[in-house]
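Single-structure report; data block below.
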Amino acid sequence: MPAPFRLYNTLSREVEDFTPAEAGKVKLYFCGMTVYDHCHVGHARAMVTSDMVARYLAHRGWDVVFVRNYTDVDDKIIRRAAEGGEAPLALAERYIASTQEDFRALGLITPTHEPRVSTSMGAIVQMITALVERGHAYESEGSVWFDVATFPEYGKLSGQRVEDMRQPDEAVPGKRSPVDFALWKAAKPGEPAWDSPWGPGRPGWHIECSAMALDTLGVEVDIHGGGLDLVFPHHENEIAQSEAAHGCAPYARYWMHNGLLTMASGQKMGKSLGNVFGIKEALKAFPAEALRIYYLQVHYRSPLPWNVEALPDALGLVARLYEAKDNAEQMEGDEPLAVVTRELGADAARVVELASSFRERFYAAMDDDFNTAKALGFAFELARAVNRFSNHKKAKKRGGPVARLALDAFAVLAEALGLLGQSGDAFVEEVKDKRLPALGLTREGVEEKLAARVAARAAKEWERADALRAELEEAGIQVMDRPDRVDWRIRLDVREDA
RNA sequence: GGCGCCGUAGCCAAGUGGUAAGGCAGAGGUUUGCAAAACCUCCAUUCAGCGGUUCGAAUCCGCUCGGCGCCUCCA
């Protein structure tokens with residue numbers, strides 16, 4: 001049986017117990033990208049949030065059906081394409097490729113379905129037809145509009161009343177009411193168009209998600225999510241269309257919205273505000289896990305200020321966890337756990353205690369509206385205990401049974417949050433691969449200086465050794481003299497422009 | 001004008017009725033040739049302010065101040 005959990009429902013504005021439409025199954029629909037540009041770190045937050053939800057629920061035994069769409073037919077795509085003299089779908093195709101590259105780099109799991117508007121026209125036209133037949137939509141000059149007046153519950157998601165809404169400055173010809181919205185837009189010359197009972201045209205922004213959700217998940221979605229900025233009008237309109245068309249069951253049982261990434265000034269990051277920071281830009285110099293923990297440190301519903309300066313700190317958090325994982329991985333021994341625990345003292349017992357209760361505490365936090373910040377706190381506690389234990393002389397040779405409990409706990413992070421999925425060694429190498437070029441360094445150059453310093457130390461030429469170390473440190477390399485070897489790491493307090 | 005969110009240490013942040021998780025930075029210590037990492041100790045009588053409810057509030061209510069989002073481009 002899948003584990004029960006609670007989540008905040010935007011519809012009720014309360015944290016509710018989750019009950020699925022079908023026992024054991026969770027049908028997720030998250031709004032994906034409109035592909036007219038490269039994705040930025042604000043999009044990444046939404047994507048990591050949905051990824052976390054899908055990963056975690058699957059980890060907890062739910063049969064997860066995860067849908068994330070691509071909007072590849074859209075006004076902005078058409079405009080961009082016209083500006084560049086490119087076919088709209090070709091432009092969309094390029095940005096889908098770019099987006100997929102980013103999603104892979106972010107380590108996002110692949111959704112069950114990734115429908116595209118351009119290949120969902122049948123479902124879209126069918127749904128609009130149903131709305132017209134049921135009297136919820138009307139055709140006018142080749143366009144079809146949703147008649148908001150026929151859906152009394154309009155505004156229930158965003159808590160707004162039609163009367164209170166600001167009226168647009170200009171009336172749009174063909175619309176009965178300013179709040180009515182387009183289901184189908186008649187094609188203008190030169191625009192991409194698909195055939196329909198109302199003539200050539202293309203879908204309005206909102207209908208696509210309703211149609212694709214119906215197509216992939218059926219009339220009732222369990223959790224529908226997206227950024228907070230989609231609550232109105234996008235999701236409000238989806239509810240109106242879908243519930244009016246289906247005439248039964250709620251469109252989505254739960255609405256989940258992630259807080260927006262804001263700028264230091266507090267304003268949100270948005271393409272229209274011209275203050276974007278690209279995913280590619282961030283991942284060029286930092287491992288994906290740094291970005292991921294940057295998001296996961298904060299509850300998904302809170303606004304999150306974007307601060308590039310904080311990326312090294314985020315990387316430090318991941319590095320700290322990997323350090324513990326690495327320490328645990330290096331411990332050996334196959335004695336019975338009870339023996340090791342008894343003979344290696346209180347620090348071993350502490351690891352056993354924290355590691356064996358980890359799942360319970362981690363799950364409790366996650367089951368309460370996906371409290372990743374709290375859940376991660378437990379991981380840091382465990383990491384400290386592991387590191388403390390690893391200082392014991394006997395830990396490396398005999399601590400294995402204790403360490404394996406900790407590794408089992410860390411494995412939960414990998415499955416549920418997409419963190420700590422690689423070995424400690426591999427992570428250190430990844431950091432070097434990303435950070436060395438960002439700091440203008442090469443492995444060969446570093447190794448060369450390091451070798452010279454090792455020689456100087458062997459000859460006890462401390463001044464020369466210290467001078468070489470100072471050079472490395474200035475460049476951004478931290479030298480670590482271990483008892484058995486010399487190790488080095490990337491300093492996180494040195495910026496690339498230094 | 002309408003709807004809604006937020007304000008916790010120098011910084012990030014969890015906690016939403018029972019007496020402040022976690023991380024960074026900082027101070028001292030163990031370790032080290034010296035460092036670094038790691039570990040240990042310390043670091044908010046207090047949760048924007050003012051009232052109220054309560055045996056008890058950061059947590060509930062009211063007001064004030066400050067910041068932000070949405071009201072048909074937006075993850």
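Chain letters run A, B, ... following the sequence lines, proteins first, then strands; residues in each count from 1.
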From CG of D326(A) across to C1' of C39(B) the rounded distance in Å is 17 Å
Regarding the side chain of N237(A), the nearest nucleotide among U72(B), A35(B), A75(B) is U72(B)
K175(A) atom NZ is separated from U72(B) atom P, nearest whole Å, by 10 Å
- Would you say G15(B) has OP1 or OP2 under 4.0 Å from some side-chain N or O of N371(A)? yes
Given the C1' atoms of A57(B) and A20(B), what is the spacing between them in whole Å? 12 Å
Among C3(B), A14(B), A75(B), the one nearest any side-chain atom of R13(A) is C3(B)
Between the base of G23(B) and the side chain of D313(A), is there any donor-acceptor pair under 3.5 Å? no
- Item | Student check: side-chain heavy atoms of M256(A) and Y254(A) closer than 4.5 Å | no
Exercise for review: Taking only the side-chain nitrogens and oxygens of N387(A), find out if one of them lies under 4.0 Å from OP1 or OP2 of C39(B).
Suggested key: yes
From the candidates C40(B), U72(B), G33(B), the one with an atom nearest any side-chain atom of R453(A) is G33(B)
Between the side-chain atoms of Q160(A) and the base atoms of G2(B), is any donor-acceptor pair under 3.5 Å?
yes
Contacts of Y154(A) and N391(A) projected onto RNA chain B by closest heavy atom; the upstream (5') one is N391(A)
Whole-Å distance, L468(A) CG to C34(B) C1', equals 14 Å
Under 4.0 Å from OP1 or OP2 of C39(B): is there any side-chain N or O of R320(A) that close?
yes
Across every strand shown, the nucleotide meeting Watson-Crick or G-U wobble geometry with A48(B) (both distances under 3.5 Å) is U64(B)
Answer for the Watson-Crick or wobble partner of C73(B), both distances under 3.5 Å, is none
Any side-chain heavy-atom pair of L419(A) and L376(A) under 4.5 Å: yes
Whole-Å distance, Q478(A) CD to A38(B) P, equals 10 Å
Any salt bridge linking R68(A) with D51(A)? Criterion: basic side-chain nitrogen under 4.0 Å from a carboxylate oxygen. no
Is the cationic atom of R435(A) (NZ for Lys, CZ for Arg) positioned less than 6.0 Å from the six-membered ring centroid of F286(A) and within 45 degrees of its normal?
yes
Between U8(B) and A48(B), how far is it from one C1' atom to the other, in whole Å?
10 Å
>> What's the gap between A36(B) and G28(B) when it is taken at their P atoms, as a whole Å value?
In response: 12 Å
Using Watson-Crick geometry (N1-N3 plus N6-O4 or O6-N4) or G-U wobble (N1-O2, O6-N3), each under 3.5 Å, U16(B) is paired with none
Would you indicate what E236(A) reaches in the nucleic acid, counting non-hydrogen atoms under 4.0 angstrom: base, sugar-phosphate, or nothing?
nothing
Notebook entry, point to check: Hey, is the side chain of R469(A) pairing donor to acceptor with the base of A35(B) inside 3.5 Å?
Noted result: yes
(Q) Would you say the base of G22(B) stacks on F378(A) (centre-to-centre below 5.5 Å, plane angle below 30°)? (A) no
Partner of A36(B) under the Watson-Crick or G-U wobble criteria, both distances under 3.5 Å, comes out as none
Judged by nearest nucleotide, the residue sitting upstream toward the 5' end of RNA chain B, V41(A) or P303(A), is P303(A)
Ranking C3(B), G22(B), C34(B) by distance to the side chain of E381(A), first place goes to G22(B)
Taking C70(B), A75(B), G23(B) as options, the one with an atom nearest any side-chain atom of F232(A) is C70(B)
Review point. So does E83(A) have more than 12 non-hydrogen atoms from other groups sitting under 6.0 Å from CD?
Key: yes
Taking N and O atoms by type only, does the side chain of D164(A) place a donor or acceptor under 3.5 Å from a partner on the base of C71(B)?
no
Atom CG of L261(A) and atom P of C12(B) are separated, to the nearest Å, by 15 Å
Separation of A36(B) atom C1' from D493(A) atom CG, nearest Å, is 11 Å
* Asked: Taking the same atom, C1', in U19(B) and in G56(B), what whole-Å distance lies between them?
  -> 8 Å
Quick one: does R457(A) reach the base of G33(B) with a side-chain donor-acceptor pair under 3.5 Å? yes
Across every strand shown, the nucleotide meeting Watson-Crick or G-U wobble geometry with A9(B) (both distances under 3.5 Å) is none
The nucleotide from A37(B), G23(B), A14(B) with an atom nearest the side chain of S302(A) is A14(B)
Measuring to OP1 and OP2 of C5(B), would you say a side-chain N or O of T10(A) lies under 4.0 angstrom away? no
Open item on the list: In whole Å, measure the gap between the P atoms of U64(B) and C73(B) for me.
Closed with: 33 Å
Ranking G33(B), C70(B), U72(B) by distance to the side chain of D481(A), first place goes to G33(B)
Per atom distances to the F380(A) side chain, the nearest of A75(B), G23(B), A13(B) is G23(B)
**Report entry** Heavy-atom side-chain contact between M47(A) and I279(A) under 4.5 Å
**Finding:** no
Does atom NZ (K280(A)) have a neighbourhood of more than 12 heavy atoms from anything else shown, all under 6.0 Å?
yes
**Request:** Remember a base hit wins even if backbone is also touched, and classify G32(A) as base, sugar-phosphate or nothing at under 4.0 Å, heavy atoms.
**Result:** sugar-phosphate
Taking a pair to mean Watson-Crick or G-U wobble geometry with both distances below 3.5 Å, A58(B) pairs with none
Presence of salt bridge, R388(A) and D347(A), under 4.0 angstrom:
yes
For the P atoms, the ones on G15(B) and on G29(B), what distance do you get once it is rounded to whole angstrom? 37 Å
| task | With heavy atoms under 4.0 Å as the rule, sort V298(A) into base, sugar-phosphate or nothing. | result | sugar-phosphate
Discussion item. Students often mix this up, so state it plainly: with edges at 30° and 60°, are the rings of F370(A) and F5(A) parallel, tilted or perpendicular?
Written reply: tilted
Checking G33(B), U72(B), A14(B) against the side chain of H299(A) (C-beta onward), the nearest is A14(B)
Interatomic distance at P, C61(B) relative to U16(B), whole Å: 14 Å
* Asked: So what does G159(A) hit on the nucleic acid, given a heavy-atom distance under 4.0 Å: a base, only sugar-phosphate, or nothing?
  -> sugar-phosphate
Looking at R388(A), does any N or O in its side chain come under 4.0 Å of the phosphate oxygens OP1/OP2 on C40(B)? yes
Atom OH of Y294(A) and atom P of C11(B) are separated, to the nearest Å, by 16 Å
L260(A) atom CG is separated from G4(B) atom P, nearest whole Å, by 18 Å
Validation row: H224(A), L11(A) side chains within 4.5 angstrom (heavy atoms): no
Using Watson-Crick geometry (N1-N3 plus N6-O4 or O6-N4) or G-U wobble (N1-O2, O6-N3), each under 3.5 Å, G26(B) is paired with C42(B)
